[in-house]
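Here the structure is laid out as structure tokens; the discussion comes afterwards.
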Protein chains: 2
Amino acid sequence: MTTPADAEEPRWLTDDEQHAWQSYLQANMLLEDHLDRQLQRDAGLPHVYYGLLVKLSWAPRHRLRMTELAAAAKITRSRLSHAITRLEKNGWVRREDCPSDKRGQNAVLTDEGFEVLKKAAPGHVEAVRAAIFDRLTPEQIGQFGDICRIIADGLQPEGADLPWLR
Amino acid sequence: MTTPADAEEPRWLTDDEQHAWQSYLQANMLLEDHLDRQLQRDAGLPHVYYGLLVKLSWAPRHRLRMTELAAAAKITRSRLSHAITRLEKNGWVRREDCPSDKRGQNAVLTDEGFEVLKKAAPGHVEAVRAAIFDRLTPEQIGQFGDICRIIADGLQPEGADLPWLR
DNA sequence: CCCCAGTAGTTTAAATTTCAAGAAAGGGCT
DNA sequence: AGCCCTTTCTTGAAATTTAAACTACTGGGG
């Protein structure tokens with residue numbers, strides 16, 4: 001005699017899984033907090049906003065359609081819209097109409113924004129390095145990347161990739 | 001002739017490191033978003049708030065000093081204060097004066113809050129499992145836990161641990 | 001051409017988080 | 001006791017994020 005399907009005992013996490021999960025949650029909280037403060041102090045913007053400038057700097061002609069930028073950064077269009085409004089006030093980014101589609105907008109990294117990025121990048125890389133990569137073996141770095149990729153891919157809507165950004 | 005110290009070329013990330021870092025950032029964004037939506041839909045609270053209920057449920061007598069709970073959850077006391085105010089409005093948590101220290105407050109998980117937690121836990125565990133552990137080999141789970149622990153420990157203020165929570 | 005479902009992006013309000021400041025109590029010192 | 005510094009927690013305002021509604025445009029049929 002088996003238990004009814006809707007009363008199945010859930011598959012709780014094993015000890016190893018529980019340990020990994022709690023460690024991840026802690027690492028995450030601490031890291032996000034740490035990097036947010038570092039960037040807020042040194043560059044005057046939160047980590048996610050910095051990430052937007054980075055994506056733009058990688059794109060051809062330093063510009064990207066709003067939807068593409070949102071997809072690259074894994075944030076909602078609404079959130080991006082607010083963020084760009086703020087970055088525009090700072091003069092780091094500029095909005096530009098898309099010629100081919102009247103609905104579209106391009107977010108363009110300004111020269112000033114690019115300067116801010118170049119100024120902030122070394123300190124940020126150093127912070128990331130100190131928090132993560134200087135503490136891991138090359139083997140662990142490989143494992144970390146592989147594992148994160150698996151998780152990210154699993155949560156990714158099919159074919160949601162933008163070829164020109166990785 | 002060497003470059004002046006303050007003009008050193010920063011140690012940029014290697015390709016492997018860059019790959020790992022971008023993968024992590026994406027996994028993180030997608031995961032946080034996914035779990036926030038799952039819990040908001042199924043239990044009516046964000047992931048961090050759920051985490052607070054979990055910590056309380058693990059504590060003896062289902063209660064914890066504010067500072068201890070904040071440390072366990074790796075959030076600021078200010079953030080916790082606001083969060084508890086909200087959870088209190090929902091009736092999931094109750095504030096209680098600390099007998100031994102008149103400055104202190106205990107956050108206490110109410111019976112109702114515990115019920116909410118028990119109701120939400122299976123679905124949440126399932127979501128975590130589907131997003132992470134069902135996609136990794138046992139070996140990778142071990143690696144993931146080890147790596148996250150190293151990162152978390154590196155960002156942890158010395159001796160900030162609370163013995164009664166892990 | 002007109003209609004219509006879908007897409008791009010914005011906007012509003014509500015919720016959450018951050019930041020800086022502040023109230024209250026503890027604890028050591030003289 | 002009185003003073004000083006620290007710890008605990010809260011508060012209020014500003015910044016950011018979320019959720020849902022909304023405008024404008026596209027593209028495909030009839």
Side-chain angles (χ1 to χ4, degrees), chain A residues 28-30 32-41 43-52 63-90 93-108 157 160 162, chain B residues 28-30 32-41 43-52 63-90 93-108 157 160 162:
Chain A
N28 211 58
M29 282 294 199
L30 294 168
E32 200 52 39
D33 191 70
H34 183 65
L35 296 180
D36 258 337
R37 288 176 199 285
Q38 184 266 316
L39 281 168
Q40 193 73 59
R41 173 168 45 76
L45 40 64
H47 188 205
V48 173
Y49 289 28
Y50 175 88
L52 296 176
R63 77 195 55 207
L64 234 29
R65 286 286 293 271
M66 294 297 279
T67 297
E68 293 158 4
L69 181 50
K74 315 301 181 201
I75 63 178
T76 63
R77 283 188 302 244
S78 173
R79 185 177 180 177
L80 176 63
S81 209
H82 290 296
I84 294 295
T85 300
R86 195 272 222 188
L87 290 172
E88 212 170 19
K89 278 182 190 137
N90 284 279
V93 170
R94 180 165 41 82
R95 274 184 235 249
E96 199 174 65
D97 290 344
C98 176
S100 58
D101 186 338
K102 276 178 204 151
R103 296 167 302 178
Q105 292 279 104
N106 280 313
V108 187
L162 291 315
Chain B
N28 211 53
M29 282 294 199
L30 293 168
E32 199 52 39
D33 191 69
H34 182 66
L35 295 181
D36 258 338
R37 286 177 201 284
Q38 183 266 315
L39 280 169
Q40 194 71 58
R41 173 167 45 74
L45 41 64
H47 188 204
V48 172
Y49 289 29
Y50 175 88
L52 296 176
R63 75 197 56 208
L64 233 31
R65 286 286 295 270
M66 295 296 279
T67 296
E68 293 158 5
L69 181 49
K74 314 301 179 202
I75 63 178
T76 62
R77 282 188 302 249
S78 173
R79 185 176 181 180
L80 177 63
S81 209
H82 289 297
I84 293 295
T85 300
R86 194 272 221 188
L87 291 171
E88 210 169 19
K89 277 182 191 137
N90 282 280
V93 170
R94 180 166 40 82
R95 273 186 235 249
E96 198 174 66
D97 290 342
C98 177
S100 57
D101 186 339
K102 275 176 204 153
R103 295 168 303 179
Q105 291 279 104
N106 280 313
V108 187
L162 291 316

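Scope of the values below: all heavy atoms of this structure, side chains included, with no hydrogens, waters or symmetry mates. First the proteins, then the strands, lettered A, B, ... as listed; each starts at 1.
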Atom-pair distance (CE on Met29(A); C1' on dT18(C)), nearest Å:
14 Å

Candidate nucleotides dT17(D), dT10(C), dA8(C), ranked by approach to the side chain of Arg79(A) - the nearest:
dT17(D)

Measure CG/Asn90(B) against P/dA14(C) and give the value in whole Å, please.
17 Å

What does Thr85(B) touch in the nucleic acid at a heavy-atom separation under 4.0 angstrom: a base, only the sugar-phosphate, or nothing?
nothing

By the definition side-chain contact (heavy atoms from CB on, under 4.5 Å), identify the one residue from Gln105(B), Arg63(B), Arg65(B) that meets it with Cys98(B).
Arg65(B)

Gap separating the NE2 atom of His82(B) from the CG atom of Leu87(B), nearest 0.5 angstrom
13.0 Å

Between Asn106(A) and Pro46(B), name the one whose nearest nucleotide on DNA chain C is closer to the 5' end.
Asn106(A)

Nearest 0.5 angstrom please: Arg95(A) CZ to Asn106(A) CG, how far?
11.5 Å

Provide, to the nearest angstrom, the distance between the CG atom belonging to Leu80(A) and the C1' atom belonging to dG9(C).
9 Å

In whole angstrom, what separates Glu88(B)'s CD from dC9(D)'s P?
14 Å

Between dT17(C) (P) and Ile84(B) (CD1): distance, integer Å:
12 Å

Taking the side chain of Gln105(B) as heavy atoms from C-beta outward, which of dT16(C), dT10(C), dT10(D) is closest to it?
dT10(D)

Nearest to the side chain of Met66(B), which nucleotide is it out of dT10(D), dT16(D), dC19(C)?
dT10(D)

His47(B) NE2 to dT17(D) P, straight-line distance once rounded to whole Å:
18 Å

To the nearest 0.5 Å, what is the distance between CG (Leu80(A)) and OG1 (Thr67(A))?
8.5 Å

To the nearest 0.5 Å, tell me how far Tyr49(B) OH sits from Asp36(B) CG.
10.5 Å

Among dT10(D), dA19(D), dG12(D), find the nucleotide with the atom closest to the side chain of His82(B).
dG12(D)

Distance in angstrom units between Ile75(A) CD1 and dT17(D) C1', rounded:
10 Å

Could you state the CG-C1' distance from Leu69(A) to dT10(C), rounded to the nearest angstrom?
15 Å

Where along residues 95-104 of chain B does a heavy atom come under 4.0 Å from DNA chain C, residue by residue in number order?
Asp101(B), Lys102(B), Arg103(B)

Which part of the nucleic acid, if any, lies within contact of Arg41(B), taking any heavy atom under 4.0 Å across all strands shown: a base, the sugar-phosphate backbone alone, or nothing?
nothing

Given dT17(C), dA20(D), dT10(D), which nucleotide is nearest the side-chain atoms of Arg77(B)?
dT10(D)

To the nearest 0.5 Å, what is the distance between NZ (Lys74(A)) and CG (Asp33(B))?
11.5 Å

I want to verify a distance call: between dT10(D), dA13(D), dT11(C), whose nearest atom is closest to the Ser78(A) side chain?
dT11(C)

Separation between OG1 (Thr85(B)) and CG (Asn90(B)), nearest 0.5 Å, reads 11.5 Å

